[in-house]
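The sequence lines fix the lettering, A, B, ..., with proteins before strands; numbering per chain opens at 1.
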Protein chains: 2
Amino acid sequence: MNVLIVYAHPEPRSLNGALRDFAVERLRAGGHAVQVSDLYAMQWKATLDAADNTAFEAGGRFDASEESRRAFMNGTQSADIAAEQDKLRWADTVILQFPLWWFSMPAILKGWIERVYAYGFAYGVGEHSDSHWGDRYGEGTMAGKRAMLVVTTGGWDSHYASRGINGSINDILFPIQHGTLFYPGFDVLPPHVIYRSGKIDDANFGEVASALGQRLDALERTEPIPFRKQNHGDYEIPALTLKPGLGAGRTGLAIHLQDGAADA
Amino acid sequence: MNVLIVYAHPEPRSLNGALRDFAVERLRAGGHAVQVSDLYAMQWKATLDAADNTAFEAGGRFDASEESRRAFMNGTQSADIAAEQDKLRWADTVILQFPLWWFSMPAILKGWIERVYAYGFAYGVGEHSDSHWGDRYGEGTMAGKRAMLVVTTGGWDSHYASRGINGSINDILFPIQHGTLFYPGFDVLPPHVIYRSGKIDDANFGEVASALGQRLDALERTEPIPFRKQNHGDYEIPALTLKPGLGAGRTGLAIHLQDGAADA
C-alpha cells in the first residue's frame with residue numbers, strides 16, 4: 001500500500017510523536033510505502049484565504065468556493081495545496097493522526113482539510129440531477145481508497161461510551177469520519193482511539209503501540225464502517241433525507257449505517 | 001448586555017460580513033455594548049504552539065496543557081490570548097458566527113477556541129473528587145453567561161434534518177455547543193442556522209436579516225438548550241456515564257438533554 005499519514009501534533013517528543021514514529025516503522029516493515037505530512041513541522045498554513053489561489057485578482061471579492069474551483073481547474077493553487085493533493089492521489093490509504101482537542105481536530109488539521117479539499121477535487125464533483133446529488137458520500141475522487149483516524153484523548157473510554165457525557169465517540173467523530181472522509185469517497189475504517197493519553201508512559205507505551213500495530217497490520221482487510229452511500233437509493237434526492245422505513249432499529253447518527261450491518 | 005461576537009469569515013463583502021454588520025447595528029440599537037473579534041481581520045494565529053507562552057523555555061519539550069496552565073497562572077500568555085480572555089470576562093453574551101465548513105468551525109475559529117480556552121480558564125477548573133469531576137458542563141468560568149451560534153451553510157434544511165444525510169444539525173453542532181460552550185459553563189441558546197446560503201442575494205437578504213434580528217432581540221429571554229449539568233447527579237462520577245433510567249425516550253446525543261425538557 002501507499003500510506004499517507006497526515007499528522008497534527010506540535011511536539012515530536014510526545015505520545016503522538018512516538019506513535020507516529022512507531023506507525024511509520026511498522027508500515028514500512030510491512031512492505032508499505034509511507035509518506036507523512038507533519039503539519040506543524042511543515043508550518044502548514046491553517047487559514048484558508050485568497051493566497052490559496054495564486055491568480056486571485058487583488059482587491060476582488062473573495063468567494064472561497066469560487067476561488068478554489070478556479071484555482072484547481074486552472075492549476076493556480078498555491079504549491080502547498082497542490083503538493084498535498086498529489087500525496088492524496090498517490091495514497092491508497094490515508095491515516096489522520098491527531099489529539100482530540102475540544103472534541104474535534106486541531107485547527108492546523110482542520111485547515112489542511114479546508115485548503116486541500118478543493119472544489120472539483122473533494123467536493124463539487126459529479127453531476128447534480130433528480131437522482132444524483134454530486135459524487136459524494138461513498139463516491140468521488142477518493143473512491144477506492146481507505147482512511148482511518150488515529151486519535152488520542154485524555155478522557156476515559158467511559159466518557160465517550162454510548163452514555164458517556166462527552167457524547168459517544170462515534171457521534172463525536174461523525175462530522176470527521178462521515179463528513180470529511182466518506183464524503184469525498186473514502187472507505188472509512190473504524191477509528192483507533194487511545195484513551196487516558198496522559199497516563200501513558202514508558203512502562204505502558206509498549207502495549208499501546210502494540211494495539212496500534214495490530215490495527216496497522218490489518219489496514220487492508222479491515223471492514224469499513226458501513227455508511228450508506230448517498231446515490232444508491234437510500235436517500236430521497238434532492239431532499240437527502242433517509243427514505244421512510246430505512247434505519248428501523250437505529251437512532252441518531254447511526255441511521256446512516258446500512259441496515260443489517262453490525263453497529264460500527 | 002455586553003455582547004462579544006467572535007466572527008470567522010475571510011471576506012467583508014460576503015453574506016457573513018453583511019450579517020455581522022447587521023447584527024452589530026441591531027444590538028447597539030437595542031442598547032447593548034458590542035465587541036467583535038474579526039479573526040481574519042485580526043490575522044488571528046490559528047495554530048496553538050510554544051509561542052503561546054512567552055516564558056516557554058526554548059528547546060524544552062512542549063506539553064500544550066502544561067504550558068497553557070503555566071502561562072495562564074503566571075500571566076505569561078501571548079498578548080492576543082490574554083486580550084480575548086478579557087473580552088470573554090467583559091461579555092455576558094457570546095455569539096460565534098461562522099460558515100459551516102466541512103461540518104465544523106473554520107480552522108481559524110477552532111484555533112481561537114484552542115488558544116483562548118486556557119487551562120485554568122476554560123478547563124482544568126474546579127475540584128476533582130468522587131462526586132465532582134471539575135467545574136464543567138454547566139459550571140465553570142463562563143457560568144452565568146449565554147452563548148449562541150450563528151451558522152451559515154450552503155446545504156438545505158432537509159439535509160440537516162433528523163433524517164438528513166449530513167446528520168441532524170443538533171448532532172453536527174453537539175461537539176461545539178456541548179463540548180466548547182456548555183463545557184466552560186455557558187448557557188447555550190439554540191443555534192441560528194441559515195441554510196441555502198448561496199441563494200441569498202440582495203432580494204431576499206432582508207428576510208434573512210429579519211429572522212436573525214428577531215433572535216438577537218430575544219437573546220436575554222431565550223430558553224437555553226436544556227443540557228444536563230455534569231455535577232448535578234445525572235452522571236456517575238468518575239465514569240461520567242448517564243445514570244440508568246435517565247434519558248428514557250431519547251436516543252443518541254439527545255440523552256444529554258434533561259428529562260422532561262422539550263427537544264432542543
Side-chain angles (χ1 to χ4, degrees), chain A residues 10-11 13-14 40 44 46-50 61-65 99 101-111 113-114 117 137 154-156 158-159 161 163-168 171-172 174-176 178-180 183 198 228 230 235-236 238-242 247 251-256, chain B residues 10-11 13-14 40 44 46-50 61-65 99 101-111 113-114 117 137 154-156 158-159 161 163-168 171-172 174-176 178-180 183 198 228 230 235-236 238-242 247 251-256:
Chain A
E11 173 56 62
R13 294 157 289 179
S14 62
Y40 272 90
W44 179 260
T47 307
L48 180 155
D49 59 29
R61 184 176 158 278
F62 176 66
D63 178 320
S65 286
W101 284 353
W102 294 102
F103 310 108
S104 58
M105 293 185 228
I108 201 172
L109 178 55
K110 183 67 192 326
I113 294 281
E114 290 168 0
Y117 272 28
Y137 290 127
W156 300 10
S158 60
H159 301 176
R163 291 172 71 83
I165 195 172
N166 291 342
S168 81
D171 288 347
I172 292 298
F174 183 90
I176 303 171
H178 188 262
T180 76
Y183 186 112
R228 300 176 188 276
Q230 173 184 277
Y235 296 92
E236 309 274 13
L240 301 184
T241 47
L242 188 64
T251 57
L253 294 168
I255 63 171
H256 299 294
Chain B
E11 173 56 63
R13 294 159 290 180
S14 60
Y40 271 91
W44 179 261
T47 307
L48 180 155
D49 59 29
R61 184 176 158 278
F62 176 66
D63 179 319
S65 286
W101 285 353
W102 295 102
F103 309 107
S104 57
M105 294 185 228
I108 201 172
L109 179 56
K110 183 70 193 320
I113 295 280
E114 290 169 0
Y117 273 27
Y137 289 127
W156 299 10
S158 60
H159 301 177
R163 291 171 70 83
I165 195 172
N166 292 342
S168 80
D171 287 348
I172 290 298
F174 183 91
I176 304 171
H178 188 259
T180 75
Y183 186 112
R228 300 176 189 276
Q230 173 183 278
Y235 296 92
E236 308 274 10
L240 301 183
T241 46
L242 187 64
T251 56
L253 294 168
I255 63 172
H256 300 295

Enquirer: In the structure I gave you, are the side-chain heavy atoms of A:Y40 and B:D49 within less than 4.5 Å of one another anywhere?
Expert: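 Counting from C-beta outward, A:Y40 and B:D49 do come under 4.5 Å.
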Enquirer: Could you pull out all residues at least two apart from B:D171 that satisfy salt bridge (Lys or Arg N to Asp or Glu O under 4.0 Å)?
Expert: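 Here no residue qualifies.
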Enquirer: Counting distance only, does the side-chain N/O of B:H256 pair as donor-acceptor with the main-chain N or O of A:N166 below 3.5 Å?
Expert: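 No; zero donor-acceptor contacts below 3.5 Å.
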Enquirer: Ignoring hydrogens, what is the shortest heavy-atom contact between B:L253 and A:G167? Give both atom names and the distance.
Expert: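 That would be CD2-CA, 3.7 Å.
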Enquirer: Heavy-atom distance under 4.5 Å to chain A: side chain of B:S168, backbone, both or neither?
Expert: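 Backbone only.
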Enquirer: Which of parallel (below 30°), tilted (30 to 60°) and perpendicular (above 60°) describes B:Y183 and A:F103?
Expert: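 Rings of B:Y183 and A:F103: tilted, as their planes differ by 30° to 60°.
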Enquirer: With distance as the sole test, does B:E114 use its side chain to make a donor-acceptor pair with the main-chain N or O of A:A107 at under 3.5 Å?
Expert: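 Such a contact is found between B:E114 side chain and A:A107 backbone.
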Enquirer: So, the side chain of B:E11 versus the backbone of A:F62: is there a donor-acceptor pair under 3.5 Å, distance only?
Expert: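 The answer is yes, because a donor-acceptor pair under 3.5 Å joins these two groups.
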Enquirer: Mind ranking B:P99, B:G198, B:P175 by heavy-atom pairs under 4.5 Å with chain A and telling me who comes out on top?
Expert: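 Top count of heavy-atom pairs under 4.5 Å with chain A: B:P175.
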Enquirer: Considering only heavy atoms, which portion of B:L48 lies under 4.5 Å from any heavy atom of chain A: side chain, backbone, both, or neither?
Expert: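 Both backbone and side chain.
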Enquirer: Any chance you could measure B:I113, atom CD1, to A:W102, atom CH2, to the nearest 0.5 Å?
Expert: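 Separation between the atoms: 8.0 Å.
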Enquirer: Looking at A:G111, A:G179, A:G252, which makes the most heavy-atom pairs under 4.5 Å with chain B?
Expert: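 Sorted descending by pairs with chain B, the first entry is A:G179.
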Enquirer: Which region of B:H178, side chain (C-beta onward) or backbone (N, CA, C, O), has a non-hydrogen atom less than 4.5 Å from a non-hydrogen atom of chain A, or is it both or neither?
Expert: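 Just its side chain gets close to chain A.
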Enquirer: Return the option, out of B:I165, B:L242, B:L240, with the maximum number of heavy-atom pairs under 4.5 Å with chain A.
Expert: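 With the most close heavy-atom pairs to chain A, the winner is B:I165.
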Enquirer: Would the distance check show the side chain of B:K110 and the main-chain N or O of A:W101 forming a donor-acceptor pair, the cut-off being under 3.5 Å?
Expert: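 A pair under 3.5 Å: yes.
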Enquirer: For B:R163, what residues pass the salt bridge (Lys or Arg N to Asp or Glu O under 4.0 Å) criterion, not counting sequence neighbours?
Expert: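 B:R163 satisfies salt bridge (Lys or Arg N to Asp or Glu O under 4.0 Å) with no other residue.
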Enquirer: State the CD-OG distance between A:E236 and B:S158, to the nearest 0.5 angstrom.
Expert: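 Interatomic distance, A:E236 CD to B:S158 OG, rounded to 0.5 Å: 10.0 Å.
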Enquirer: What part of B:I255 gets within 4.5 angstrom of chain A, counting heavy atoms only: side chain, backbone, both, or neither?
Expert: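 Contact with chain A: side chain only.
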Enquirer: For the candidates B:A50, B:S65, B:G164, which exhibits the highest count of non-hydrogen atom pairs separated by less than 4.5 Å from chain A?
Expert: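 Of the options given, most contacts go to B:G164.
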Enquirer: Name the region of B:P238, side chain, backbone, both or neither, that has any atom closer than 4.5 Å to a heavy atom of chain A.
Expert: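 Contact with chain A involves both backbone and side-chain atoms of B:P238.
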Enquirer: Among A:S14, A:G247, A:A239, A:A46, which residue forms the greatest number of heavy-atom pairs with chain B at distances under 4.5 Å?
Expert: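 It is A:A239.
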Enquirer: If you count heavy-atom pairs within less than 4.5 Å of chain A, which of B:A161, B:P106, B:A64 leads?
Expert: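 Looking at each of B:A161, B:P106, B:A64 in turn, B:P106 comes out on top.
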